[in-house]
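Remarks on the structure that follows.
All ligand and atom numbering here is 1-based and tracks the order in the structure.
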Amino acid sequence: MKIKTKDLLTLAELTSKEFLGLIDHSIKLKKELKKGVNKPLLKNKTLTMIFQKPSTRTRVSFETGMYQLGGHAINLSSNDTQLSRGESVEDTAKTLSRYTDCIMARVYDHTLLDKLSEHSTIPVINGLSDSFHPCQILADFMTIKEQKKTLKGLKIAWIGDGNNVCNSMIYGAALSGAQMSIATPKDFQPDKSVVKVSQNLTDIELTTDPLKAAKNADVIVTDTYSSIHNVDPKRMKKFLPKYQVNDKIMDIADKNAIFLHCLPAKREQEVTSSVIDGSQSFVWDEAENRLHTQKALLCALLHA
Ligand code: CP
Ligand code: NVA
């Protein structure tokens with residue numbers, strides 16, 4: 001699977017064909033792994049992982065993925081590096097490019113990724129920034145494809161905070177031809193420029209009415225109201241009870257609708273236990289699919 005971009009920072013770097021191709025390659029890698037087939041496509045390759053923020057899934061899935069592909073991953077919290085003592089991003093990017101083959105970074109300010117990308121000669125992957133979470137969306141669309149067999153024309157309802165994951169999901173919808181209806185409080189809408197550019201490619205509706213968004217939806221998605229960069233407890237009042245994904249929301253959706261959440265989840269806040277632990281929830285497949293999609297992505301970026 002070939003892709004043209006050097007880096008994956010938002011998803012907007014991909015063509016529709018590349019996005020769909022990555023998902024199909026991920027499904028193939030997953031099937032192969034289940035049969036015990038595990039090709040060392042990244043033998044002797046090393047991934048540097050930099051984490052400014054905590055992580056369970058991103059760290060473990062990237063590290064395991066590199067291991068399964070015959071490569072190696074180095075994990076650095078930002079305090080482990082000289083970045084914490086003021087070494088520039090530019091010098092860090094140049095140095096890492098001389099030792100390793102790829103950088104994955106989880107950061108606060110998205111422009112740090114732009115700088116890493118500009119000054120490194122190796123691919124840079126966004127492992128979540130305040131603005132985007134592209135790796136999550138590859139896994140989400142893989143999960144949707146597994147369950148629905150198709151992406152084009154599906155209705156995805158996002159309910160809650162129009163945050164970093166929502167921004168990337170909008171790009172995912174645009175690349176796959178899915179429609180999105182996004183229900184958020186007025187002051188919590190997704191990034192305007194992401195919405196605008198994506199509306200040229202597919203149907204992206206913004207509303208403050210979760211029932212309108214959920215009506216006949218094929219996929220219901222939410223995320224925490226308190227992202228790592230946005231933990232003000234007062235935020236909760238703006239969302240509850242109106243923007244909670246509960247049985248009423250699932251009843252309005254299509255009867256075969258699936259529920260997704262990137263995790264970590266706060267049960268009884270953005271989603272009830274009855275939904276996340278219920279039969280329509282595919283959140284564990286979604287979490288697993290981080291592994292397969294990131295393996296496909298690493299292979300594509302490293303031309304393996
Ligand atoms: N969904 C996700 O990125 O999880 P982590 O924060 O645990 O990596
Ligand atoms: N929106 C959440 C996603 C965590 C994976 C955050 O940024 O904390």
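Atom NZ of Lys53 has more than 12 heavy atoms from other residues, nucleotides or ligands within 6.0 Å.
Results of the side-chain contact (heavy atoms from CB on, under 4.5 Å) test with Ile182 over Ile204, Ile159, Ile156 single out Ile204 as the only residue that passes.
Residue, atom and distance of the protein heavy atom nearest to atom 8 (O) of ligand 2 are Ile228 N, 2.8 Å. In terms of protein heavy-atom proximity, atom 4 (C) of ligand 2 is closest to Leu128 CD1, 3.7 Å. Looking at atom 7 (O) of ligand 2, its nearest protein heavy atom turns out to be Asn164 ND2, 2.8 Å. Of the protein's non-hydrogen atoms, the one nearest atom 4 (O) of ligand 1 is Arg57 NE, 2.8 Å. Of all protein heavy atoms, the one closest to atom 6 (O) of ligand 1 is Arg106 NH1, 2.8 Å.
Side-chain polar atoms of Ser117 and Asp7 form a donor-acceptor pair below 3.5 angstrom. Between Thr143 and Asn289, the side chains place a donor N or O and an acceptor N or O closer than 3.5 Å (distance only, hydrogens not considered). Arg290 and Thr58 form a side-chain donor-acceptor contact under 3.5 Å, judged by distance and modelled atom types alone. Under 3.5 Å, the side chains of Asp223 and Asn163 contain a donor-acceptor pair of N or O atoms. Checking Ser193 against Asp191 by side-chain atom types alone, a donor-acceptor pair falls below 3.5 Å.
What you find for Lys255 and Gln280 is that their closest heavy atoms are O-NE2, 3.6 Å.
Ranked by closest heavy atom to atom 3 (C) of ligand 2, the top entry among Asp223, Asp161, Asn167 is Asp223.
Using a 4.0 Å cutoff on heavy atoms, His133 counts as a contact of ligand 1. Close to ligand 1: Arg290, with a non-hydrogen atom less than 4.0 angstrom away.
Considering both main-chain and side-chain atoms, Arg59 never comes within under 3.5 Å of ligand 1 through any nitrogen or oxygen pair. The N/O atoms of Leu263, backbone and side chain alike, include one that comes under 3.5 Å of an N/O atom in ligand 1.
Each of the following atoms of ligand 2 lies closer than 4.0 Å to a heavy atom of Leu263: 5 (C). Every atom of ligand 2 with a heavy atom of Ser227 under 4.0 Å away is listed here by number and element: 1 (N), 2 (C), 6 (C), 7 (O), 8 (O).
If you look at Leu128 next to ligand 1, there are no close heavy atoms at all, none under 4.0 Å.
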